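Below is one structure, written out as structure tokens, with a few remarks after it.
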Amino acid sequence: MKYFIANWKSNLTLTEAQHWIEELVSPESNSQQIIIAPPFTLVAELSKHLTNLHQVALAVQDLSPYPAGSYTGAISVRNIEGLTVTYVIVGHSERRRYFHETHAEVAMKVTQALEHDLTPILCIDDEYLLAQAVALDPEMLSKCIVAYEPLEAIGSGLNQPIDDVVKVVQQIREVCQPVAVVYGGSVDAENVAQYLAVTDGVLVGGASLAVEEFSKLLS
Ligand code: PGA
């Protein structure tokens with residue numbers, strides 16, 4: 001299985017998202033899985049389209065570390081029940097950097113996700129790979145998709161050299177024994193093939209915003 005994860009971050013309006021999903025040609029092959037991670041505000045709208053699309057699933061970009069309750073502003077697993085969300089991105093470096101998320105909070109989010117049958121897409125960088133792994137128990141790690149996202153490659157156009165990716169992906173497979181390992185960081189139609197050859201897929205930011213560009217990654 002090859003995963004193609006479209007992380008829209010804080011981009012796209014409702015109208016743009018509707019256009020995106022209408023223009024998406026879902027893969028013919030059962031070995032390609034598209035995962036769209038829209039902002040929370042667009043999840044309900046996109047979930048209406050999923051039944052017509054083959055091999056396309058939804059993720060949320062984040063999750064409250066707490067269960068349902070008095071946590072103003074936080075989106076709990078209960079809030080997304082019934083919205084056909086299957087995956088949740090946790091621990092993205094932008095969350096760690098701008099929102100000061102700690103390893104412990106990331107672990108709480110993974111716990112929330114797994115308790116409610118959501119598959120975590122756990123983002124890590126080689127610098128804190130071991131600290132991250134220690135924060136999660138091995139059984140939890142084995143239920144995650146792990147995304148290797150080198151900081152300097154994200155949003156910079158400086159995609160990581162393939163030799164480094166091979167090395168870190170191997171380390172992640174050994175330490176975490178996850179469901180799958182994907183690479184993220186300036187992936188585009190020109191460079192995607194080399195990453196697909198050595199990983200289980202890609203996590204794509206900038207090149208996922210236009211459906212035409214994202215679709216090129218699949219071919
Ligand atoms: P990018 O983002 O493709 O724009 O580098 C990747 C990511 O942040 O997951």
Side-chain angles (χ1 to χ4, degrees), residues 2-13 16-17 20 24 32-40 42-43 46 56-63 85-101 103 105-106 109-110 113 118-129 132 144-162 164-166 168-169 172 176 178-219:
K2 297 288 181 196
Y3 296 90
F4 297 80
I5 306 165
N7 179 9
W8 292 353
K9 308 188 180 182
S10 299
N11 298 290
L12 300 199
T13 63
E16 287 166 343
W20 199 103
L24 178 70
Q32 289 185 324
Q33 174 69 57
I34 295 177
I35 301 173
I36 307 169
F40 280 121
L42 303 177
V43 170
L46 291 174
V56 182
L58 273 184
V60 284
Q61 295 176 15
D62 188 28
L63 191 64
V85 171
T86 323
Y87 299 90
V88 50
I89 297 177
V90 284
H92 192 284
S93 59
E94 288 155 9
R95 300 287 321 164
R96 297 176 192 269
R97 180 169 167 201
Y98 299 118
F99 302 92
H100 314 294
E101 268 182 29
H103 296 334
E105 281 164 341
V106 172
K109 292 177 181 200
V110 170
L118 296 172
T119 300
I121 300 169
L122 174 67
C123 299
I124 57 175
D125 181 70
D126 44 345
E127 272 178 43
Y128 52 81
L129 171 62
Q132 180 68 70
C144 294
I145 293 177
V146 174
Y148 168 47
E149 298 230 310
L151 296 181
E152 59 284 1
I154 296 177
S156 61
L158 302 170
N159 57 299
Q160 192 78 350
I162 192 70
D164 293 347
V165 175
V166 169
V168 179
V169 164
I172 292 171
C176 307
V179 174
V181 184
V182 302
Y183 165 77
S186 298
V187 170
D188 62 20
E190 303 290 304
N191 62 35
V192 67
Q194 59 178 328
Y195 298 118
L196 291 175
V198 298
T199 65
D200 305 305
V202 284
L203 201 168
V204 189
S208 75
L209 299 181
V211 67
E212 299 77 12
E213 207 176 333
F214 182 74
S215 302
K216 285 189 204 148
L217 304 177
L218 306 167
S219 48

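From a predicted model like this one, the values you see are computed outputs, not experimental measurements. Side chains included, hydrogens not; waters and symmetry mates left out as well; all remaining heavy atoms used. Indexing begins at 1, ligand by ligand and atom by atom, following the structure's order.
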Reference residue Pro38; test side chain to side chain contact (heavy atoms under 4.5 Å, CB included); the match among Val43, Asn7, Leu12: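 That would be Val43.
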
Tell me whether Ser156 has any N or O atom under 3.5 angstrom from an N or O of ligand 1.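 Such a contact does not occur with ligand 1.
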
Within the side chain of Asn159, is there an N or O that forms a donor-acceptor pair under 3.5 Å with the backbone of Val187?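 Side chain of Asn159 to backbone of Val187: no pair is present.
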
Distance-only donor-acceptor check, side chains Gln61 and His92, under 3.5 Å: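 Their side chains do not contain a donor-acceptor pair, so the 3.5 Å distance test is not met.
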
Test item: side-chain donor near acceptor, Arg96 and His103, under 3.5 Å: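 A donor-acceptor contact under 3.5 Å links the two side chains.
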
[X] heavy atoms, cut-off 4.0 Å: which ligand 1 atoms fall inside?
X      : value
Leu203 : 9 (O)
Gly155 : 1 (P), 4 (O), 5 (O)
Gly185 : 5 (O)

Would you give me the side-chain donor-acceptor pairs under 3.5 Å for residues 209-219, sequence neighbours excluded?
residue: Ser215; atom: OG; partner: Val211; partner atom: O; Å: 2.7
residue: Ser219; atom: OG; partner: Lys216; partner atom: O; Å: 3.0

Between Ala153 and ligand 1, which residue portion shows a heavy-atom distance shorter than 4.0 Å: side chain, backbone, both, or neither?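 Within the 4.0 Å criterion, Ala153 contacts ligand 1 through backbone atoms alone.
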
Can you find a heavy atom in the side chain of Ser93 that is under 4.5 Å from one in the side chain of Asp125?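 Counting from C-beta outward, Ser93 and Asp125 never come under 4.5 Å.
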
In terms of residue, atom name and distance, what is the protein heavy atom nearest to [atom]?
atom                   : result
atom 3 (O) of ligand 1 : Gly205 N, 2.8 Å
atom 9 (O) of ligand 1 : Glu149 OE2, 2.8 Å
atom 2 (O) of ligand 1 : Lys9 NZ, 3.3 Å

Begin from the C-alpha positions of Thr199 and Val169 and carry the test side-chain contact (heavy atoms from CB on, under 4.5 Å) through to its verdict. CA-CA 7 Å; Thr199 65; Val169 164; 3.9 Å; yes

Closest by any non-hydrogen atom to atom 4 (O) of ligand 1: pick that one out of Ser93, Gly206, Ala207.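 Nearest heavy atom to atom 4 (O) of ligand 1 lies in Gly206.
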
